[in-house]
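The structure presented is a predicted model; accordingly, all values stated were derived computationally and were not measured.
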Amino acid sequence: MLRISPALQAVCVLLFLMHVAPAAARVLTLTKQSDATAIVQDATDGDTAANSLVSPQDRLFIEGGALAADVAHDLIYAASLPDPAGAAAGTAHVLLVGAYGSSPIPSGSMAAPAGLYFSALAFDAPSSSVVGIVSDRTGATSSQVFAVPTNGGTAFGVPGYMAAAPGCCSLTRGVAAWRTSTRELFAVGRNAGDSEDQLLRFDVGTGSALPDAYPIAGDRVVALAVDAQDGTLYALARSTLAFTYLTRITYTTPGTPVTLSAIGSAPAACCYVAAGPATIDGAGSARALYALTLDAAAPAGMQLSRFDFTSGNPVIVNAAIEGYGLWTDAAASLDRIFADGFD
């Protein structure tokens, strides 16, 4: 009988685990590169992608929070305002797309309807579509929910719009999340006449743009993220006692306040959420929510903070990172994301 030594068995097991274990996820951000370009970075260590997102003309003005990533094709969709001092001043808010891997950039483009702005974006992988909300900042026109096919990352299709209810909605910039399993878009904002923030749930899967609204009493929700593993809605909330903490959000019937179930107890000095969507690291057992934050005592430059799912404790992962928002790409690898200064 063939006998294998314990040491060789251990090596074989290790090699097997290395083969079958998923690649470590990378927490990515889109950050300014120049007046006319933005670049994808690994938010934890500053590694940069080989390609840039480029303004078609004039300076690039990315709207904080209006980001969506197609990680299967290494594409990032971002909303850009026209340069107020450029040749395109006064034109429509535009959805731009950039590649951070080897895939080509989809052809075509998408402009928001006249007078409306992209206020929330998400990517629905099963339908290969960018979904989101366009809003009127003055409140004169109701918001619209839209979905635009990207045809497997090759080209923009024809967008479809669904008008929301009259008086909907003034949204909190950058606070939005997408639940793929049920095709629901979550945002935080207020309908006309509201005196407090609401969790707004848009049921895109049924073609309804009439949001269910759930009051958020007391603490403010300043970031949202959906756990792709089980659909749980997580948030960062800003306490009335002036600290930020990790929480799960549950809701029942529209009009009934949400329940914020705090995870652990955050330090009293933690922190302000700085910009854009949060994201969840779904690889491995050390799961956490990541957000771009500012130090509460000295809110100067941005930092990347990690909020542990078990303890709730925030840890600063990168003390100097600027970005417009975050997403997680479990397949991003070093053969297509390069460290600064290397080819």
Side-chain angles (χ1 to χ4, degrees), residues 27-30 62-71 76-80 93 95 110 112 116-125 127 129-137 142-148 159 161-162 164 168-191 194 197-205 208-214 216 220-228 231-238 244 246-249 251 258 260 273-280 289-293 323-328:
V27 177
L28 305 181
T29 188
L30 182 68
I62 299 294
E63 279 282 78
L67 293 177
D70 174 3
V71 298
I76 180 65
Y77 296 86
S80 177
H93 201 190
L95 184 62
M110 178 180 173
L116 300 180
Y117 296 82
F118 294 102
S119 50
L121 295 175
F123 190 79
D124 182 45
S127 66
S129 299
V130 176
V131 299
I133 303 170
V134 287
S135 301
D136 178 2
R137 291 175 176 173
S142 294
S143 298
Q144 298 181 44
V145 178
F146 72 89
V148 56
Y161 289 94
M162 299 171 283
C168 174
C169 328
S170 173
L171 300 180
T172 303
R173 189 175 69 169
V175 185
W178 175 252
R179 181 181 283 156
T180 301
S181 59
T182 54
R183 303 198 73 219
E184 294 171 296
L185 182 63
F186 296 92
V188 171
R190 300 186 182 191
N191 293 312
D194 286 340
D197 285 350
Q198 312 276 321
L199 175 68
L200 302 172
R201 185 178 66 89
F202 297 86
D203 190 353
V204 179
S208 172
L210 306 177
D212 289 336
Y214 310 86
I216 303 171
R220 292 186 302 113
V221 170
V222 293
L224 289 173
V226 169
D227 187 353
T232 299
L233 182 62
Y234 288 89
L236 294 179
R238 186 69 179 169
T244 299
L246 178 64
T247 180
R248 295 181 186 88
I249 296 185
Y251 53 86
V258 300
L260 302 179
V273 172
T279 192
I280 292 172
L289 183 145
Y290 290 79
L292 294 170
T293 61
Y324 300 109
L326 299 173
W327 69 98
T328 302

Visitor: Measure across L292 and G325 and return the closest heavy-atom pair with its distance rounded to 0.1 Å.
Guide: CD1-N, 3.8 Å
Visitor: Can you measure from CG (D227) to OG1 (T279) and round to the nearest 0.5 angstrom?
Guide: 10.0 Å
Visitor: Hey, what do you get for CG (L95) to OH (Y77), rounding to the nearest 0.5 Å?
Guide: 8.0 Å
Visitor: Any side-chain heavy atom of Y214 sitting closer than 4.5 Å to one from I249?
Guide: no
Visitor: Tell me yes or no: between the side chains of R190 and S170, is some donor less than 3.5 Å from an acceptor?
Guide: no
Visitor: Side chain to side chain contact (heavy atoms under 4.5 Å, CB included) for Y290 and I280? Distances and angles first, verdict last.
Guide: CA-CA 6 Å; Y290 290 79; I280 292 172; over 6 Å; no
Visitor: Quick one: does Y324's side chain get under 4.5 Å of T29's, heavy atoms only?
Guide: no
Visitor: Passes salt bridge (charged side-chain N to carboxylate O under 4.0 Å, His left out), R183 versus D124? Steps please.
Guide: CA-CA 8 Å; R183 303 198 73 219; D124 182 45; 3.1 Å; yes
Visitor: Are the side chain of H93 and the backbone N or O of F118 linked by a donor-acceptor pair below 3.5 Å?
Guide: yes
Visitor: Do V221 and V175 have side chains that get closer than 4.5 Å, going by heavy atoms?
Guide: yes
Visitor: Mind checking whether T328 and L28 have side chains closer than 4.5 Å, heavy atoms only?
Guide: no
Visitor: Is the closest side-chain heavy-atom distance between Q144 and F146 below 4.5 Å?
Guide: no
Visitor: Between CZ of R201 and CG of L233, what distance do you get to the nearest 0.5 Å?
Guide: 11.0 Å
Visitor: Going from CD1 on I133 to CG on L200, what distance comes out if it is rounded to the nearest 0.5 angstrom?
Guide: 7.5 Å
Visitor: Kindly give the heavy-atom pair with the smallest separation between L171 and A187, and that separation in Å.
Guide: CD2-CB, 4.1 Å
Visitor: Considering all heavy atoms of both residues, which atom of L30 and which atom of A78 are nearest to each other, and what is their separation?
Guide: CD2-CB, 4.0 Å
Visitor: Could you measure the distance from the OG1 atom of T172 to the CG atom of D197? Nearest 0.5 Å is fine.
Guide: 5.0 Å
Visitor: Does any part of the side chain of W178, heavy atoms only, come nearer than 4.5 Å to the side chain of F123, both counted from C-beta?
Guide: no
Visitor: Measure across A291 and L236 and return the closest heavy-atom pair with its distance rounded to 0.1 Å.
Guide: CB-CD1, 3.6 Å
Visitor: Considering only heavy atoms from C-beta outward, does the side chain of Y117 approach that of D136 to under 4.5 Å?
Guide: no
Visitor: Compare all side-chain heavy atoms of V188 with those of Q198 and state whether any distance is below 4.5 angstrom.
Guide: no
Visitor: Which heavy atom of C169 sits nearest a heavy atom of P211, and at what distance?
Guide: SG-CG, 4.3 Å
Visitor: Which value, rounded to the nearest 0.5 Å, describes the distance between L260 atom CG and L199 atom CG?
Guide: 9.5 Å
Visitor: Assess whether atom CZ of R220 is packed by more than 12 heavy atoms of other residues, nucleotides or ligands within 6.0 Å.
Guide: no
Visitor: Under the ring pair (Phe, Tyr, Trp, His ring centres under 6.0 Å) rule, collect the residues that match up with F202, sequence neighbours excluded.
Guide: none
Visitor: Donor-acceptor check, side chain of S129 to backbone of A147, threshold 3.5 angstrom: yes or no?
Guide: no
Visitor: Donor-acceptor pair, distance only, cut-off 3.5 Å: does the side chain of S135 make one with the backbone of S143?
Guide: no
